[in-house]
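Notes follow the structure.
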Amino acid sequence: MKPWKRRLLFIFLTACAAAVVVLLMGIAYLLTPDEMPDLDPEKIFGDGTLGAPEAPIRPVGEKEHLDLLTQIPESDARARAMLETLLRIEERDGRDNALIHYAAVSWLSPEHPTPPQGELIARTLEEGWRSPECDELLSYLESWRPVMDAIRRGAALDYARGSGVEPGGLGTRTHQQHPTRFPHRVARVLTALAVEARCFEFRGEYAKALDDYLTALTVGRDHTVLGNEMAVCRFGFGHTAGISKTIRRLADTGCLDENDARRALDRLGQIENSLGDLTDALAVEAADALDSLRRTRNAREYLTTAGGWPSPGLREAIRSARMRNREERDTALGYCAIVLVGVRARLEASRLESDFTAIYEMERKLIDEPWTSDLFAMQLDLVRKIRSSSILLQFSPLDTDGFSAQDLDILGLRKGRANAVSSLREARLALALNVWERRHEEYPETLDSLAPEFFADGLPLDPFSEAVYHYRRSPDGESYDLWSVGPDKKDDDLTVGYDPSNGTLSGGDLSAAR
């Protein structure tokens with residue numbers, strides 16, 4: 001066959017295939033209902049109300065916070081929108097919002113430390129402040145002083161509130177922005193606080209060091225109670241666990257006086273009692289997924305805009321996709337994806353409500369089930385259910401591609417929270433043990449000696465086993481070991497340390513280094 005005939009045949013076959021696709025889409029369009037069924041969030045999570053710790057009402061510092069708007073570049077529209085959203089939340093609640101202070105920190109922080117400073121900071125946090133080399137960090141700390149003060153003001157409020165979901169409806173977000181997506185910036189300020197605390201320890205000012213650690217711990221807690229997505233909560237839980245272990249190390253030095261140790265013990269208990277509820281984080285993820293699904297209803301408008309097929313909007317998207325500007329090209333391709341997903345959503349509309357209800361009921365059960373249950377089997381069932389629907393794969397907050405033990409957000413978040421709780425409880429026990437040792441000049445033979453004086457409601461339990469922590473005193477009573485069984489729920493007698501890089505349920509006991 002001659003080349004020109006082959007080209008004509010190819011064009012003809014391509015046109016036929018395109019005609020068949022358009023015909024099938026038209027048939028699907030005519031046969032599917034006008035609207036996707038409303039998903040009933042109350043069947044999934046009740047009223048979707050989010051909680052926050054109680055705190056004394058303070059006058060709203062409107063002028064102070066509004067001044068922040070003048071310091072955010074006009075070009076940073078997203079940051080300005082975030083702050084405006086936070087100001088509305090503050091106005092609604094009638095009290096100052098710690099999140100605004102953290103936001104100010106994230107936007108107004110100094111530059112990153114230089115590589116040599118970064119290496120020195122890492123060594124200082126690991127080994128302590130060692131003069132005179134560490135004195136080079138004094139100028140670094142001075143540059144961070146204003147933002148550290150802002151962090152302290154926010155933490156002192158003991159009240160943080162984000163957008164979350166509106167009470168009475170899981171499927172409704174109070175706004176489409178995410179004002180808490182800046183934990184990586186806040187982390188730099190908390191690092192500066194930890195460096196300053198190390199300096200205070202070197203100078204023997206242990207109460208000031210403790211104050212810095214408690215401030216950082218409060219900030220970590222606040223990132224779990226904001227009613228925001230799982231990534232922010234994961235940061236909060238991870239940071240809470242890390243600072244709790246640092247406080248345990250400080251307690252084990254025996255340098256805190258009894259009043260400071262008791263103050264820290266009480267504060268850690270308050271922090272634990274006000275850690276975020278994982279159901280809230282899941283509710284926000286679900287709200288985002290439902291919002292995305294509901295936006296696909298606009299597919300009909302995209303497909304039927306005057307001008308035939310393809311619609312002018314889609315033609316513009318295709319044209320933009322050919323541009324060299326990457327941002328515009330990505331936006332255009334995203335637009336095309338919405339159209340195609342919208343068509344698929346309409347084809348599966350009849351099963352969406354039952355699928356989503358089943359998925360989120362399974363996710364919530366995975367949150368509520370005791371850690372001692374077979375969580376791995378539960379997560380496998382959940383992934384199979386998600387993979388049964390192409391629409392659920394598009395909108396589920398879980399990453400099921402290349403699924404492995406650490407890929408499931410719900411279980412990873414559960415482990416992060418349990419680790420934070422375990423670290424807080426270990427730190428509380430360490431503080432109580434060191435007060436006991438100061439009085440009796442030796443550690444107690446068993447943890448039972450600490451109740452009820454230090455723990456009126458009974459000894460704290462290991463969240464991974466729901467049993468008392470493992471404790472072992474040295475024969476001379478001058479030292480002790482204290483540990484949790486860790487995510488694998490097995491006691492390895494401290495011979496195996498938990499390594500988080502090995503997966504959510506990997507083996508090893510949890511204990512702060514002594």
I'd like to know if the side chain of [X] and the backbone of [Y] have a donor-acceptor N/O pair within less than 3.5 Å.
X	Y	value
S474	S479	yes
D509	D493	yes
N419	K415	no
R198	W129	no
N97	I100	no
D488	K490	yes
Q117	T114	yes
S373	E369	no
R417	L278	no
K245	A427	no

### Query
Are a donor atom and an acceptor atom from the side chains of D96 and H101 found within less than 3.5 Å of each other?
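There is such a pair between these side chains.
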### Task
Would you check if there is a donor-acceptor pair between the side chains of R267 and T218 at a distance under 3.5 Å?
yes
Where do [X] and [Y] come nearest, in terms of heavy atoms and distance?
X	Y	value
A430	L482	N-CD2, 4.5 Å
F237	A420	O-CB, 3.5 Å
S244	L424	OG-CD2, 3.2 Å
T372	S465	CG2-O, 4.1 Å
A103	L86	CB-CD1, 3.9 Å
V225	G276	CG1-N, 3.5 Å

Quick check for you: to the nearest 0.5 Å, what is the distance between [X] atom [atom1] and [Y] atom [atom2]?
X	Y	atom1	atom2	value
L429	L265	CG	CG	8.0 Å
E363	L411	CD	CG	12.0 Å
D277	T224	CG	OG1	9.5 Å
E272	S423	CD	OG	11.0 Å
T246	D212	OG1	CG	12.0 Å
L433	L447	CG	CG	6.0 Å

#### Entry: For F235, all residues meeting ring-ring contact (aromatic ring centres under 6.0 Å, His included), sequence neighbours excluded
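For F235, the residues satisfying ring-ring contact (aromatic ring centres under 6.0 Å, His included) (neighbours in sequence not counted) are H223, H239.
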### Task
Go through the structure and list residues passing salt bridge (charged side-chain N to carboxylate O under 4.0 Å, His left out) with E437, not counting sequence neighbours.
none
### Task
Apply salt bridge (charged side-chain N to carboxylate O under 4.0 Å, His left out) to D149 and list each qualifying residue two or more places apart in sequence or on a separate chain.
R152
### Task
Run the numbers on N434 and T253 for side-chain contact (heavy atoms from CB on, under 4.5 Å), then give the verdict.
CA-CA 9 Å; N434 280 277; T253 64; over 6 Å; no
Set of residues satisfying side-chain contact (heavy atoms from CB on, under 4.5 Å) with respect to [X], sequence neighbours excluded:
X	value
D260	A207, L210, L256, D257, R263
N273	none
R438	none

May I ask you to decide whether [X] forms a salt bridge with [Y], counting only side-chain N to carboxylate O separations under 4.0 Å?
X	Y	value
E90	R95	no
D158	R221	yes
E201	R249	yes
R130	E133	no

### Task
Please report the C-alpha distance between E91 and R88 in whole Å, then the side-chain angles of each, then the deciding distance to 0.1 Å, and finally whether the salt bridge (charged side-chain N to carboxylate O under 4.0 Å, His left out) criterion is met.
CA-CA 5 Å; E91 182 179 1; R88 288 195 294 271; over 6 Å; no
Between [X] and [Y], is any pair of side-chain heavy atoms under 4.5 Å apart?
X	Y	answer
L413	C233	yes
L193	V219	no
P463	W371	no
Y443	Y471	yes
P487	L510	yes
L99	D222	no
E442	E478	no
R428	R248	no

### Verdict with reasoning, D93 to Y159, per side-chain hydrogen bond (donor to acceptor under 3.5 Å, both in side chains)
CA-CA 10 Å; D93 288 358; Y159 182 81; 2.7 Å; yes
### Message
The test is side-chain contact (heavy atoms from CB on, under 4.5 Å); show your working for I410 and Q379 and say whether it passes.
### Response
CA-CA 9 Å; I410 301 296; Q379 72 177 0; over 6 Å; no
### Message
Assess the residue pair D462 and W483 against the criterion (side-chain hydrogen bond (donor to acceptor under 3.5 Å, both in side chains)); give the C-alpha distance rounded to whole Å, side-chain angles, the decisive distance to 0.1 Å, and a yes or no.
### Response
CA-CA 9 Å; D462 180 354; W483 70 95; over 6 Å; no
### Task
Mark yes when over 12 heavy atoms from residues, nucleotides or ligands other than E127 sit less than 6.0 Å from its CD; otherwise mark no.
yes
### Query
Just wondering, are more than 12 heavy atoms of other shown residues or ligands nearer than 6.0 Å to NZ in K208?
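No, because the 6.0 Å sphere around NZ of K208 holds 12 heavy atoms or fewer from other groups.
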### Query
Any cation-pi pair here, R472 with Y480, using under 6.0 Å and within 45°?
no
### Message
Could you walk me through whether L282 and T279 satisfy the side-chain contact (heavy atoms from CB on, under 4.5 Å) test, starting with their C-alpha distance in whole Å, then the side-chain angles of each, then the deciding distance to 0.1 Å, before giving a yes or no?
### Response
CA-CA 5 Å; L282 180 59; T279 302; 5.6 Å; no
### Task
Take H470 and D481 through the side-chain contact (heavy atoms from CB on, under 4.5 Å) test and state the conclusion after the steps.
CA-CA 8 Å; H470 290 272; D481 290 313; over 6 Å; no
### Criterion side-chain hydrogen bond (donor to acceptor under 3.5 Å, both in side chains) on Y469 and S422, from CA distance to verdict
CA-CA 9 Å; Y469 282 86; S422 180; 3.3 Å; yes
